[in-house]
Amino acid sequence: MFRTSRMFRRERSIPLRSSAAALSNNLSVLQLPARDLTHFGVVHGPSAQLLSAAPEGVPLAQRQLHVKEGAGVSPPLITQVHWCVLPFRVLLVLTSHRGIQMYESDGSVMVYWHALDSGDASSVQAMFARGIAASVHFICVGTWSGRVLVFDIPAKGPNIVLSEELAGHQTPITDIATERAQGQDGVADMVTADDSGVLCVWRSGPEFTLLTRIPGFGVPCPSVQLWQGIVAAGYGNGQVRLYDASTGALHIQISAHARTISALDLAPEVGKLLSAAEDTFVHIWKLNRNPESGSIEVEHCHGECISDTQVCGARFCDPSGSSFAVTGYDLTEILRFGTV
């Protein structure tokens, strides 16, 4: 399918207590260089597994988180777990069919709980939150109704406030991506995606501003990323599309996978894009913006087949893209790959 160079090799995998749930974006990674540690978060049904590993993949600690108890016979399912790195603190955010839970980064203390409001849900429509990202001092979380909840996060403590609700989507949010705008006014620094494939590009601030709305084309967009004014979107038909964030113009369309894309990730220091899908493949691409023409260019760098596995999560483990990790449905381990 593609020219494949052996840039990466399998490294020691990290065992899981139970397999990852068949959810898109079902892996979060937090690197702690100062402590030479990497944290991994994976959802399995009503629980989320948090694992810490040393550089050689040696598992050091595990913790399980559950949805806050409430009315109901069966425990609600978790939809996503994600570390949000803010300039002044790191919070772990867990979303479910019941609400939004925010923890200190190691999952030891829950600092905030937001219950989903069923007021605008029909009796046949399942409520859930999904899609999590940090932007400046905000954490943004998507919902089943298409609204995006914006939480204002203090430098410390539990005084978290729901400051705004963004209305740009008509169908459930699937994913949210952000990029630090480095203080540039008017720069797009957040993109939201939904079940119909619509993308909304935003500028964050005391009030978020909708800059561009990129229409869908009949398939969901499970995963999205943002890098240097480029929106990378992965779709249910296996395509990866690259758009200009400021104009919404489509620059490149890649038939990257044979089945629905389950995860995209970016290594911001080098512009590497990782795509993973239910076709068992993980691909790595190099993005670039031509300095003369301003056009977006892409090059395929690596392809990895995770045989007989429905890949549901994949993330780079460092900002330079020299290692990545993969989860799969019915796979009771996190697979790790490093540069050759």
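Residue numbers start at 1 and run along the sequence shown.
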Taking Lys272 for its side chain and Pro319 for its backbone only, find out whether a donor-acceptor pair lies under 3.5 Å.
-> no

Exam field: side chain Arg9 to backbone Thr339, donor-acceptor pair closer than 3.5 Å | yes

Modelled atom types, side-chain donor and acceptor of Thr178 and Ser135, under 3.5 Å | no

Does the side chain of Leu274 come within less than 4.5 Å of Arg315's, by heavy atoms?
-> no

When rounded to the nearest 0.5 Å, the distance separating CH2 of Trp227 from CZ of Arg289 is 8.5 Å

Kindly confirm or rule out a cation-pi arrangement of Arg259 over Phe281, judged by NZ or CZ under 6.0 Å from the six-membered ring centre and within 45° of its axis?
-> no

Min side-chain heavy-atom separation Gln80-Phe128 under 4.5 Å = no

Show the numbers, then the answer: is there a side-chain contact (heavy atoms from CB on, under 4.5 Å) between Leu16 and Val42?
-> CA-CA 9 Å; Leu16 292 169; Val42 182; 4.2 Å; yes

Val198, Tyr235: one ILVMFWY side-chain cluster at the under-4.5 Å cut-off?
-> no

State, with a plain yes or no, whether a side-chain heavy atom of Leu335 is found less than 4.5 Å away from one of Arg10.
-> yes

Can you check whether Cys200's main-chain N or O pairs, donor with acceptor, with Arg213's side chain at less than 3.5 Å?
-> no

Could you tell me the separation between the CG atom of Asp308 and the CG atom of Asp330, rounded to the nearest 0.5 Å?
-> 11.5 Å

Asn159 CG to Asp152 CG distance, which is reported to the nearest 0.5 Å = 11.0 Å

Is there side-chain contact between Trp83 and Ser105, with heavy atoms separated by less than 4.5 Å?
-> yes

Donor-acceptor under 3.5 Å (Thr174 side chain, Cys221 main chain) | yes

Where the side chain of Arg89 meets the backbone of Pro154, is there a donor-acceptor pair that is under 3.5 Å apart?
-> yes

Between Trp113 (side chain) and Gln101 (backbone), is there a donor-acceptor pair under 3.5 Å?
-> no

Under 3.5 Å, is there a donor-acceptor pair between the Asn26 and Thr327 side chains?
-> no

Looking just at side-chain N and O atoms, do Ser275 and His257 make a donor-acceptor pair shorter than 3.5 Å?
-> yes

Are any non-hydrogen side-chain atoms of Val85 and Leu30 less than 4.5 angstrom apart?
-> yes

Results of side chain to side chain donor-acceptor pair (under 3.5 Å) for Asn290 - residues two or more places apart only | Glu297

Are any side-chain N or O atoms of Ser223 and backbone N or O atoms of Leu264, one a donor and one an acceptor, separated by less than 3.5 Å?
-> yes

To the nearest 0.5 Å, tell me how far Ile261 CD1 sits from Asn237 CG.
-> 7.5 Å

Hey, are the side chains of Pro46 and Ile78 touching, using non-hydrogen atoms and a 4.5 Å cut-off?
-> no

Once you round to the nearest 0.5 Å, how far does CD1 of Ile252 lie from OH of Tyr243?
-> 12.5 Å

Whichever hydrophobic residues join Phe88 through chains of side-chain contacts under 4.5 Å | Leu86, Leu91, Val93, Ile100, Met102, Val109, Val111, Tyr112, Ile132, Ile139, Val141, Leu149, Phe151, Ile153, Ile160, Leu162

Are Asp195 and Arg130 close enough for a salt bridge, meaning some N to O gap below 4.0 Å?
-> yes

Expected output: side-chain Ser262 to main-chain Ser24 donor-acceptor under 3.5 Å | no

Consider only side-chain N and O atoms of His300 and His283, and report whether a donor and an acceptor are under 3.5 Å apart.
-> yes

Can you tell if the side chain of Leu50 reaches within under 4.5 Å of the side chain of Leu65, non-hydrogen atoms only?
-> yes

Within the distance-only criterion (no hydrogens, no angle test), does the side chain of Gln49 pair as donor or acceptor with the backbone N or O of His44 below 3.5 angstrom?
-> no

Got Val282 and Phe324 here, is their nearest side-chain heavy-atom distance under 4.5 Å?
-> yes

Nearest-0.5 Å distance that lies between atom NE2 in His251 and atom CG in Leu242 = 9.0 Å

Any donor-acceptor N/O pair, Thr79 side chain to Ala129 backbone, under 3.5 Å = yes

Other ILVMFWY residues reachable from Leu210 by side-chain steps of under 4.5 Å | Phe138, Val148, Val150, Leu166, Ile173, Ile176, Met190, Trp202, Phe208

Going by atom types only, do His39 and Ser52 share a side-chain donor-acceptor pair under 3.5 Å?
-> yes

